[in-house]
Structures are given as structure tokens and as C-alpha cells.
Asker: 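Provided herewith is a single structure, encoded as C-alpha cells, for subsequent inquiry.
Throughout, protein chains are lettered first and strands after them, A, B, ... in sequence-line order, and every chain is numbered starting at 1.
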Amino acid sequence: MTVNLLGLSRDVYKGLPTTLCAGCGHNSITNHLIKALYEFGVAPHLLAKMSGIGCSSKTPAYFVEQAHGFNGVHGRMPSAATGAKLANRELLVLGISGDGDTASIGLGQYVHMIRRNVDCVYLVENNGVYGLTKGQFSATADTGSTLKNGTPNEFSMIDVCGLAIELGATFVARSFSGDGKQLVPLLQAAFAHRGTSILDIISPCVTFNDHEGSTKSYAYVKDHDVTINAPDFIRPREEITVDYEPGSAQEITLEDGSRLLLRKVDRDYDATSRIDALSLIHETRRRGEFVTGLLYVETGVPDLNEREKLVEKPLKDLKEDELRISRDDWDALFQ
Amino acid sequence: MHQRVTNDFTIRVATVNGSGSQSSNLVLTNAIFRLGIPVAPKNVFPSNIEGLPTWFDVRISSKGYQCRTRDVDVLVALNPATWRTDIAGVKVGGAVIYEMTYPISGESQRDDLVYYPVPFNELAKANFSDGALRKYLLNMIYVGVAGELLGIPEADVEAAIGAQFKRKAKAAATNVEAAHIGYTYARENLKKTDRFALERMNGKTEGLSFMDGNRAAALGCLMGGCTVAAWYPITPSSSLCESFIALADKYRVDAQTGERRVAIVQAEDELAAIGMVLGAGWAGARAMTSTSGPGISLMAEWVGYGYYAEVPGVIFDVQRAGPSTGLPTRTMQGDVSFAYTLSHGDTKHIVLLPATVQEAYEMSMDAFDLADRFQTPIFVLSDLDLGMNSWLTQPLPYPDRPFDRGKILREKDLNKLESWGRYRDVDKDGVPYRTLPGTNHSNAGYFTRGTGHDEEARYSEMPEVWQRGLDRLVLKHETARTAVPQPVVTGHGNPVAILAYGSTHHAVVEARDILASRGVETDYIRVRALPFSSDVAAFIARHERVYVVEQNRDGQLYRLLRAELPNHLVSRILSIRHYNGVPIDAYAVVDPLLQAERQPAVVAE
């Protein structure tokens, strides 16, 4: 039997059968997640799967059944994730959200999670539409794109990647649910990164947003995907030498020593430049295109736990003698 | 001169917000306390940083009554804007120390008062060149004047100044000088003709010190093992978290490494604050948030989640006057019924009702134990009066028991179990077992959700599963009935009784003495938590009439009692309410109660 470096089989990383629609992009993402978690060797008991409300937020039930899951309230997963990570810094906090959960009801929490650089992986399974309530626009729907019944979206869209970069996010990537080759290494790099990792994953809704007027349909995304870089994720212990033509790859060393090799499709793109990232996002959007790949990364920025100077031992494990003050100190309070 | 009144009167200091009068007021309070006389200060302040009127009442009570009084016996008038109304509020025979340039004529003319004009502005100007400091020192001059007139030895004022400006020797010296100017002026220019006097007492205040309820609650967080706090600033709860921050900075930091054994996050709003608390509670930390009414409104959805998904957390609600933004700096027991059933659907929560500083501390610790034991959000309902005013208290007791972390299955427990279910009622008390994320066992994980779930934490929409879950939560609530702080009963055998809770207690204590002096002896039950102990119904059953006294318009606890009492007891309870924003006083209990005792139909519903 094939196992990962923890000696666990791939089956351990599976979850309950999905209850989403057949062909849903979210199911593809779940499969890529299973692969990424298995290959990375995430210990199931240290994985905290967190979500809000919506189709996307159901998916934590569909992978790593052994792990603890927390399906919270709509748009408020970032706060619960923040609390969980403060309580137990050993957890890999994996938040799964959608475009309604993130960009509408949960926008405030999304913003402040990024500001605090909470060490977590935050996925936006982005289909531009409210699936569970049967097909209303979300705030990530492109201006001019239409509902299934032809109603156009007249309002401007929120680009969750652009917003994240503007807010100081330290890891921002965009990908497509159908592109496992790109998504799996990006997910693994996000697991390795310390700080908030944002992955905006365009994930077509086959039931409500896969029609001609949609800009988040399979057909549209396939035709308009502009890939800036193709990532390879390399664990610290893996001795892989990659021979790239000079200037064609960008190498990022992540906090745990692993490396992310970005084979540049666009030779001039520098994934460590906030300005480049923002202008690329704006330019591609103007052309009606999706830019995918690692848009921005910055390593070594303190996360919330470091800013709070938390002890190494998880706060949840601290005992009376570590938390209460001595009787002498107590008595002195009342002198 | 009228008959002397010694150690039983109230001083009101009327000033302008932002003039630094707080230090002077505290010095006056402490100087009187140094004489061994019980004092109860009440700060009646505006929702404003600078410029609006503010009052500070120092109740001097030889019997040790700590509630507010309506009477103002000695007025220190330093706010021209409120001068006329302040004068009008002084009790017949009172004394007025005032800035001598204020006019005594027209409406403010009262010949039943004793006036002490003092040129405060001129004295300050003549003695202190620093214009910025002058307005603060002017206030300390009043302390000297009042001290001389009321008989506080100057040495006690000096000692109180020393304590107030502990780490600022220079400021202390200047303030001593200012107080001295007041003493000297009064001695040389004012002839005492009022009847109020202070005399040193023994046996009343030994061992006591001042503390506000918010600091006491913060001490409870420290000793109760709180490791995650998330909050959004809101009056009157901010000083609770700020006190906890100060304590954490001192006692939860490793001296060598600077590492901290607590995380305190100022959240973006109350929704995030409670989300962080529940996330942390789910992951196994003891977590709290502190807020007031508007914050509670925002937390409603998450609290329902915590109730149904069974996630521990502690919510301090330092109540203020509502609805809406209401009166942010005034007090109310206004969130009782809202907090008890907060969130949509069928919910009922455990709510603790501290009345004293000591209970604010003890119930804060209790709340963390109860949250873990019952795996649910616990409310601690304090209020502005208890939370922000200083109260005399005995030294708070050192905790006498370890944390109760409740039913948590660790690796070793799971090794012994073939299976377990997150929501199985193994012990038939409605309280299931939980595991914490990070538990290294392949059976440890479960899926926490606010959607319908069965005993194994699996999603379910089955009617019987849903109903069974709700019924188990009722059983859990019933179990909590005996685990929460039980009522305190005083007196017995009288047909008439009073039921109260929280800070209303202090008015009831005095009211019962007044009532007794007027021939109405009362028994008293103080409710300390929801759900109601069975003792409450038993107490009501022993009495003909029980007056439920509380500080809200709608008789919130009275209504909860009506809903939960057996039918034959419902008619025995009557409601007395006080809801003008200032803390309840004894006569707000005495007057309606006596009236009802004469004509029971008046307040009976």
C-alpha cells in the first residue's frame, strides 16, 4: 500500500460522499485538497477544517473525515479560525469559504483576518453565484455578466485577490478548480507558508452559473485563463534539482524550509512585488481574463500568534500553575 | 444650627467632564474612608469626553449602605451650566460650596441652605501659573475646602493624595499644595454654620478596600484561567478587558522570554469577538468577551450556534441603558430576558447575576467552569453601577479549587473506548463528551455544525433526531439548575418578601431596614443565576406577596418568573421597576412597596 511520509494511506484523507451537484467545481477542489494534504503529509489530528455557510462551506465534510471540523455561521469563519489558532498554535487551520461567504456577508472578517495575518489557509471557492439559495449574484460576479435568466449584473465586482494584496496579505494565489496541476502545489505552498494564505479558486457552478452570459463558466474560464506561473512545491527533505533556463523560474523559500519553484510563463512577472500583482490583476480584468498562479508572496512577516508573543505550548494546555498568580502576589493586590 | 448630622450624608460634586475632577473626587472619597467611615462613590457621567456636565456623589453611611441616595446634602458646585438645577436638587438644610462668582439670585435663591462662596478661579489663578494644570488643581482646592468644613484632618487628605499619585511625587506635592490652599481659605474666610460633620469611626471599614466590578471580573478571568479574550470597546465594559490586559501584562508574561500565556485581541466588531471566543473555546482554550447591550445584539447568531453546537465561551455583559444606543453611560438591568434566550429558535442560556464586587470575581471564575462543564456560552450580567463604580469590598478570596474542564476525552480515554459520539448523552444529564482538535487519536475528530445533527455529530434532518437533540438540551439546562450559583435567602417567617438580583441588591438592603422601621418586615431572596433554582419557587410558596425589584421598565425577571412558576404561585409575585438610568435607591423600593401593601391592587398585574 502506498503511504505518505506519515505512513498514512490516501484513504485517510478522504471524507464523506459529497452532497453537492454532480460536476460542481467544488468537488474537484476537494479532490485536489485530498491529494495536497496527503502528499504534504498533514497529520489529520492537527488539521482544523473550518467553514462558514454556503455550498463551499459544506465541503470540509468531504475530506479527512478523522479531522475536527467546524462549520460555523455565515461569513464569520475567519473569527472562529482566529480563535482556534490562538487556542492551539499547532493546528493547521484550513478555512474554506465561498464568494458570498467571503465577499458579501463576511467581507469585514475577511479583511481583518488578513490584517492580522492569522496563520491559516483560506480558500475562496469562487463561482460568482449563490448556489444554495438558487442562483442570485454574489459580489464577485463580473459587471455585465448575467444570471441564468439573463439579468445582467450592474454593480462593480470585488476582486478578493486584489483586495487581499492591498490589505497586506502575505500569500495570494488564484487558480481554477479544473487545474489540479497548478492548484495542488499552490495548496501545499500555502500549508507551508506562515501567515494568511489566500487562494481564490474559480469554481464553476454547473447548476446556476455555467451558461453563456457567465464569466465563471467552464467554457469562459478555459478561454480566458492567463497563467503567470506554474508552481512546483518541494519539501525541505526532497533533493530535487530543477534545471530551469535562467530567468524563467522564481524560487521562494517558505518558512518551514520548503521551496516553491514558480516556472514563469510571463518572464517579467515578479511574485514578490505587490505593485506588479495589483497592476496585473487590473490589466487582465480589463481584458476580461483570469490571471492564475501565485500572484504575491512575502515570507517572514510575523503572524498573529507571533505578534501576540504566545508561548510555544498551546494555550489550551496551560494549567492552573501557569495561569493563576501566586498567593503572595494575590495578597499583595489587596495591600 | 440644626441638629448635627454625623457620618450620614451625601456630598455631590458637580463639575464639567474633562476637567480632571475624577482625581479630586477619589481623593475626597479615600480621605473620608481613611477616617474609618463607610463611603459609596457613584459617578454619574455623560457620554462625552469633554465639556458636558458630570456629577460625583459620595455617599457617607455609618451603617455601610452602598446604594445611591436621592438626597444631596452637601453640594460642591463647580459647573456654571448646571448651577441652578444643582442648587435646586439640594435637600432642605443642605450646604453649598460654590464658585463665588455664580449668582445667588432669582431661581437659585434658596434660603433653606447654607452657602460657602469660594473664589476657586481666583485662588487657582493666583497660585498656579501653569494654565493647563490650573483646572485640575482648582478641583483639589475644593477637596481642601470641603475637608476643612466637614472635619477631615488635612493629614488624611494628604495621605489620600499620596495614594492617588503614587508614582508621581511632583504631582502629589502640587496637589497637596492645592488642597492646603483650600484648607487655609476655608479656615480664614468661612464660618461653619451647616450641620454636617465627619468623625473617625472604628469597626466598620477594617480590611476593606475599593474595587470596581469590572476589575473584579478581570481578576476572575486571570484566576479562572482565561487564555483568549476578544473584545470590541464599548462603554461600560471596556475597563473589564482593559483591566485584564493590565493584569495579563503583569502576570501572564514570562520574565525571561517575554512570551505570553494569554492572547487578547481587539476585534473589528462584536460578531468577530464572539466568533474568536467560540473558535478558541472549541479548540480547548478558556475564552471570554466583554461587551454591553449593543454588542449582545450583534452576538445573537453566534450565541445560538454556541448553544446548539455546544461550544464553551464566557460573555460578560456590563449592562447599560437601552434600547438602541440608549444612554451609554447610565445603568440598567436591561438585558436579562434578551440574554437568557438570545438567538433565534429555542434557546435558553445560563446567566450569572453578580451583585457585589466579590461575586463579580467569583462568578467570573464560575463562568469558565460552567462553560466547560456545560459546553455552552455563559453570560455574566453585570451592569454599569457594579462594573464602573468603586465599591468597598473585603479582600477577594484566593481560589480554593482547580479548574473544572468538564467532560473532555483525551487520547488515553479514547484508547479505552470502542466508539464515542459527540452528542451522546452517556451520563443521562444532558451533557455529552467532547474531544479537542489536536487529540492524537484516529477516533477523536468530529464535525461541529450549527445544522441539524445526530448523536454522532452527523448531519441529519430527521424529525425525531432534531427533536431529540432539542430535548437533550433542555435536560442539560435542567442539570444546570442545580450547578449554577444558588439564591441567597435572608430572613424568614414574614408574609411579605422581596426578590431581587444583581446590583439592585444594595438598594434592597437599605430598603428592608427602612421598611422594618415603618412596621413592614420582609424576607429577601436574591437570585444569582438563571435557570432559576427550585429554591425560588419554594421561597415564593412560603410567602403571600413577593415583590420582584429590578432595574428595567418591563419587569424582565418578573416576566421570566411568571412564565416558569407553577400557576398557583404566579399571583403571589408583584413587580417593582426602576428605569431612569441612574442606580436604584432604597426609596424606589420602599415607596411602591408600602403603597402596594396598603392597596395591593395598584401594582399587581
Asker: Rounded to the nearest 0.5 Å, what separates atom CZ in R115(A) from atom CD in E268(B)?
Answerer: 8.0 Å

Asker: I need the residue from R261(B), R449(B), R405(B) with the largest number of non-hydrogen atom pairs under 4.5 Å to chain A.
Answerer: R261(B)

Asker: Heavy-atom distance under 4.5 Å to chain B: side chain of D329(A), backbone, both or neither?
Answerer: both

Asker: Just wondering, more than 12 heavy atoms not from E206(B) lying within 6.0 Å of its CD?
Answerer: yes

Asker: Side chains of H68(A) and T448(B), heavy atoms from C-beta outward: is any pair under 4.5 Å?
Answerer: no

Asker: Once you round to the nearest 0.5 Å, how far does OH of Y398(B) lie from CH2 of W330(A)?
Answerer: 8.5 Å

Asker: Is there side-chain contact between W282(B) and M50(A), with heavy atoms separated by less than 4.5 Å?
Answerer: yes

Asker: Taking every non-hydrogen pair under 4.5 Å, which of N443(B), L278(B), I274(B), T435(B) racks up the most with chain A?
Answerer: T435(B)

Asker: Where do F447(B) and A61(A) come nearest, in terms of heavy atoms and distance?
Answerer: CE1-N, 3.7 Å

Asker: Looking at every heavy atom in both A87(A) and A283(B), which two are closest together, and how far apart are they?
Answerer: CB-CB, 3.7 Å

Asker: With a 4.5 Å cut-off on side-chain heavy atoms, are T227(B) and K316(A) touching?
Answerer: no

Asker: Out of curiosity, L86(A) CG to M276(B) CE, how far, rounded to the nearest 0.5 Å?
Answerer: 7.5 Å

Asker: Is P60(A) close to chain B through its backbone or its side chain, or both, or neither, when contacts mean heavy atoms under 4.5 Å?
Answerer: both

Asker: With respect to chain A, which residue among T451(B), V277(B), V262(B) yields the maximal number of heavy-atom pairs within a distance under 4.5 Å?
Answerer: V262(B)

Asker: Determine the option with the most heavy-atom pairs under 4.5 angstrom with chain A, choosing from T393(B), T257(B), L396(B).
Answerer: L396(B)

Asker: Chain A heavy atoms under 4.5 Å from R215(B): which part of the residue, side chain, backbone, both or neither?
Answerer: side chain

Asker: Under 4.5 Å, counting heavy-atom pairs only, tell me which of L304(A), N71(A), V64(A), V12(A) racks up the most with chain B.
Answerer: N71(A)

Asker: Going from CZ on F334(A) to CD on Q394(B), what distance comes out if it is rounded to the nearest 0.5 angstrom?
Answerer: 11.0 Å

Asker: For G438(B) versus L46(A), what's the shortest heavy-atom pair and its separation?
Answerer: CA-CD2, 4.0 Å

Asker: Is it the side chain or the backbone of R116(A) that comes within 4.5 Å of chain B heavy atoms, both, or neither?
Answerer: side chain

Asker: I need the residue from G445(B), A444(B), P437(B), G284(B) with the largest number of non-hydrogen atom pairs under 4.5 Å to chain A.
Answerer: P437(B)

Asker: To the nearest 0.5 Å, how far apart are CG in L318(A) and SG in C226(B)?
Answerer: 11.5 Å

Asker: Where does T19(A) contact chain B at under 4.5 Å (heavy atoms): side chain, backbone, both or neither?
Answerer: neither

Asker: Heavy-atom count around K309(A) NZ within 6.0 Å, excluding the residue itself: above 12?
Answerer: no

Asker: What residue in G83(A), G75(A), A43(A), A67(A) has the most heavy-atom pairs under 4.5 Å with chain B?
Answerer: G83(A)

Asker: Considering heavy atoms only, which positions within residues 300-310 of chain B lie below 4.5 Å of chain A?
Answerer: E301(B), W302(B), Y305(B)

Asker: Go through the atoms of A272(B) and report whether side chain, backbone, both or neither lie under 4.5 Å from a heavy atom of chain A.
Answerer: both

Asker: What are the residues of residues 97-114 of chain A, in order of number, with any heavy atom under 4.5 angstrom from a heavy atom of chain B?
Answerer: G108(A), Q109(A), H112(A)

Asker: Select one option (side chain, backbone, both, neither) describing which atoms of Q66(A) are under 4.5 Å from chain B's heavy atoms.
Answerer: both

Asker: Would you please name every residue forming a ring pair (Phe, Tyr, Trp, His ring centres under 6.0 Å) with F191(A), sequence neighbours left out?
Answerer: F40(A)

Asker: Which heavy atom in E259(B) sits nearest to a heavy atom in V311(A), and how many Å separate them?
Answerer: CB-CG1, 3.6 Å

Asker: Would you mind checking which part of I325(A) comes under 4.5 Å of any heavy atom in chain B, side chain (CB onward), backbone (N, CA, C, O), both or neither?
Answerer: both

Asker: Pick one of side chain, backbone, both or neither for L47(A), based on which atoms fall under 4.5 Å of a heavy atom in chain B.
Answerer: neither

Asker: Residues in salt bridge (charged side-chain N to carboxylate O under 4.0 Å, His left out) with R324(A), at least two apart?
Answerer: none

Asker: Between chain B and each of V93(A), L310(A), N88(A), count heavy-atom pairs under 4.5 Å; write down the option with the most.
Answerer: L310(A)

Asker: Going from CG on L333(A) to NZ on K250(B), what distance comes out if it is rounded to the nearest 0.5 angstrom?
Answerer: 6.5 Å

Asker: So which part of K313(A) gets closer than 4.5 Å to some heavy atom of chain B, the side chain, the backbone, both or neither?
Answerer: neither

Asker: In terms of heavy-atom pairs under 4.5 Å, which option from S51(A), A48(A), G72(A), P44(A) contacts chain B the most?
Answerer: G72(A)

Asker: Go through the atoms of A230(B) and report whether side chain, backbone, both or neither lie under 4.5 Å from a heavy atom of chain A.
Answerer: neither

Asker: Under 4.5 Å, counting heavy-atom pairs only, tell me which of G275(B), P399(B), A267(B) racks up the most with chain A.
Answerer: G275(B)

